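Data first, discussion second: the structure below is written as structure tokens.
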Amino acid sequence: MNITMRRWFTGLIPVVLLLSGSVQAQNGAGPNDVISKSNVTIDLLKSIFENSYLEIKETGNDFFEMKDVYSIYVDLDNDSRYFTLSVNWPINDASQADKLNLLNKIGKDVLLVTPYYSETGSSLIVKTTVWIEGGTLVKNIVMTEKLFVKALNLILEKDTQKIIQ
């Protein structure tokens, strides 16, 4: 192969990779790559969200905190079957009945999330679980995080008594 053909092929390879959508993000995965129990790590999840332009704030061995509209914690299951997205919001000193009514309203009206009330910490914890055991696409992970943020916005709309601080 002459030198002109070699340069042409060398220049064509990045274009073909880009058009095929198989260019890998640095230390991450492309949007159509499958993430499953066998290949997921906390570092891979962190890179997926970093590549989605979210700020990573705090990290640990099996969790990290990222900033979208809210500070969201990402925790990976010990067996790598799923990970959770969660927020921890302080709540005011409303009556116990008002706090429980808010929890029931969230549980009934807001899909995708599970609310918990921590009496000791006087906080509302909202979680969603993202199952990866059977495999899921990177873009589905990112879209789930975006839906989680929309669900959090809806929760704040449902809190008409302003119990969440």
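Computed from a prediction, not measured in an experiment: that's the story for all the values here.
By the 6.0 Å contact criterion, CG on N61 is open, its count of non-hydrogen atoms from other residues, nucleotides or ligands being 12 or less. Surrounding NZ of K150 are at most 12 heavy atoms belonging to other residues, nucleotides or ligands under 6.0 Å away.
As a member of the Ile/Leu/Val/Met/Phe/Trp/Tyr network built from side-chain separations under 4.5 Å, Y116 groups with I125. Taking Ile, Leu, Val, Met, Phe, Trp and Tyr as hydrophobic and joining them when side-chain heavy atoms fall under 4.5 Å apart, one finds L111 isolated, its cluster having no other members.
Residues that satisfy the side-chain hydrogen bond (donor to acceptor under 3.5 Å, both in side chains) test with K139, not counting sequence neighbours, are N32.
In this structure, CE in M66 is found 9.0 Å from CG in L45, a value given to the nearest 0.5 Å. Here I42 contributes atom CD1 and D62 contributes atom CG; the two are 6.5 Å apart, rounded to the nearest 0.5 Å. Note that CZ of F83 is 8.5 Å distant from CG of L76, once rounded to the nearest 0.5 Å. Atom CD1 of I141 is separated from atom CD1 of I35 by 5.5 Å, given to the nearest 0.5 angstrom. With rounding to the nearest 0.5 angstrom, the OG atom of S95 is 7.5 Å from the CG atom of N101.
A side-chain donor from one of N153 and Y70 sits under 3.5 Å from a side-chain acceptor of the other. Under the 3.5 Å distance criterion, with hydrogens and angles disregarded, no donor-acceptor pair is assigned to the side chains of T84 and S86.
In this structure, K57 and K67 approach most closely via the heavy-atom pair CD-CB, 3.7 Å.
The hydrophobic clustering, which links ILVMFWY residues whose side-chain heavy atoms are closer than 4.5 Å, places V69 and V113 together.
A salt bridge links D77 with R81: the closest approach of a Lys/Arg side-chain nitrogen to an acidic carboxylate oxygen falls below 4.0 angstrom. Looking at D68 and K146, a side-chain N of the basic residue comes within less than 4.0 Å of a carboxylate O on the acidic one, giving a salt bridge.
A donor-acceptor pair is defined here as one N or O able to donate and one able to accept, closer than 3.5 Å; no such pair exists between the side chain of T136 and the backbone of I132.
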